[in-house]
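Small disclaimer: the values here were computed from a predicted structure and weren't measured.
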Amino acid sequence: MRISIDPHLCIGAGQCALAAPRVFTQDDDGYGTLLPGHDPDDPMAREGARSCPVHAITVTDS
Ligand code: SF4
């Protein structure tokens with residue numbers, strides 16, 4: 001899967017990192033970012049995307 005976070009939409013709510021902590025984390029400013037070394041096919045990535053209140057995360061099949 002291809003996972004992307006739109007930095008222009010992200011408001012740093014942190015829900016993605018709570019929902020899918022093996023895929024998402026927060027940077028020093030609190031914005032969502034992909035966890036280094038994450039499994040791009042982790043099914044929880046879709047949960048993280050669903051949890052984002054501003055729909056900043058896109059998960060597409062590659
Ligand atoms: S849940 Fe959405 S708004 Fe919150 S940190 Fe993650 S990408 Fe950003």
- Between Gly48 and Ser51, what is the shortest heavy-atom contact and its length? O-OG, 2.7 Å
- Message: Rounded to the nearest 0.5 Å, what separates atom CZ in Arg46 from atom CG in Asp61?
- Response: 5.0 Å
Could you list the donor-acceptor pairs under 3.5 angstrom formed by side chains in residues 4-20, with sequence neighbours left out?
from : atom 1 : to   : atom 2 : distance (Å)
Asp6 : OD1    : His8 : N      : 2.8

- Note on the structure: Heavy-atom nearest pair, Ala45 first then Val59, reads O-CG2, 3.8 Å
- Query: Please walk me through it: do Phe24 and Leu35 pass side-chain contact (heavy atoms from CB on, under 4.5 Å)?
  - Reply: CA-CA 5 Å; Phe24 301 100; Leu35 191 68; over 6 Å; no
- Task: Enumerate the residue pairs fulfilling side-chain hydrogen bond (donor to acceptor under 3.5 Å, both in side chains) with a member in residues 20-39, sequence neighbours excluded, ordered by first and then second residue.
- Result: Arg22-Asp42
- Query: Is there a side-chain contact between Thr58 and Ile3, using heavy atoms and a 4.5 Å cut-off?
  - Reply: no
- Note on the structure: Contacts of Asp41 meeting side-chain hydrogen bond (donor to acceptor under 3.5 Å, both in side chains) (sequence neighbours excluded), chain-then-number -> none
